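What you see is a predicted model; the values in this text were computed from it and never measured.
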Amino acid sequence: MNLSSLGSSIATPLSRYSAASSDRAATAKQAGESATAGTRSTLKTGSDQVQLSAEAITASDAQASPLTTAQSARAKVNADYVKAKVEGTQIVADIANGGRFLNLTSLNDEELASVAKGDGFTDNESLTAKVELGVRLKVALGPFDGNPRATAVAIKAMYPALSQSVKDAMGWNQSMLEMGDRIINDAGGAPRPSELDNLLDRLRQTQKQKGALRIDLSVVQPAPQRPTIDRLA
């Protein structure tokens, strides 16, 4: 058993993005033009017409009612299409013939998970969101790179600290945890309390880095303390 199987949920979005980019270039271009057109709305005031940007529409709507995660994500995605147009370029899946990739770094993890789900988003947008989540996960797991056992222990610790939507977007499930347990057992067994404490400290440090997957480590159980034994004099 090795880390390649456990890490497939991390690496697959990245490899799929590269392999499928050419096939989606035309689709992404069409989707970008459509989305760009849809990010501006015309407000008629007598004989005048005022063009509202995606950001302005989002701010106006937010005053009326809070945006759902999907709506917030959609507004940010659309804003990047507008930004690309202002820059004189366009969003594409394959930059061989010009253009640039969709930039989803402004989305939080929950918004990325919503885009990755695919409802109301194009295939290229969904795949780009999965790639971004994979990049953030790689940053979070950076201290354990090259150490399959430590990576499996870290993933097991992170599992309860992530929302179900984020886990679904990354393909994390119980079967993956069981595979991780086998890696841990084959490589020396469960971590000692001191080892787990050190691992959690390293995860906390990665949370200070820009671009790391956000983890609510407050829900992670601390390492159990060994009971003390009172000795009679």
Using 4.0 Å as the upper bound for N to carboxylate O, is an ion pair formed by [Y] and [X]?
X	Y	value
Glu125	Arg74	yes
Lys156	Asp181	yes
Glu132	Arg136	yes

Write down the atom of [X], the atom of [Y], and the distance for their closest heavy-atom approach.
X	Y	value
Ile215	Ala161	CG2-CB, 3.4 Å
Tyr159	Gln174	OH-N, 3.9 Å
Ala152	Ile184	CB-CG1, 3.8 Å
Arg149	Gly189	NH2-O, 2.6 Å
Phe121	Ala70	CZ-O, 3.8 Å
Pro66	Gln71	O-OE1, 4.3 Å

Would you check if Asp80 and Lys83 make a side-chain contact, meaning some heavy-atom pair closer than 4.5 Å? yes
Would a 4.5 Å heavy-atom cut-off, applied to side chains only, mark Asn97 and Val92 as touching? no
Check side chain to side chain donor-acceptor pair (under 3.5 Å) between Asp201 and all other residues, then give those that pass, not counting sequence neighbours. Arg204
Distance-only, no hydrogens or angles: does the Arg100 side chain make a donor-acceptor pair with backbone N or O of Ile95 under 3.5 Å? no
Measure from the side-chain N and O atoms of Gln207 to the backbone N and O of Leu213, and report whether any donor-acceptor pair falls under 3.5 Å. yes
Does Gln209 have any side chain to side chain contact (heavy atoms under 4.5 Å, CB included) partners at least two apart in sequence or in another chain, and if so, which? Val139, Thr206
Compute whether any side-chain donor of one residue and acceptor of the other, for Thr105 and Asn103, lie under 3.5 angstrom apart. yes
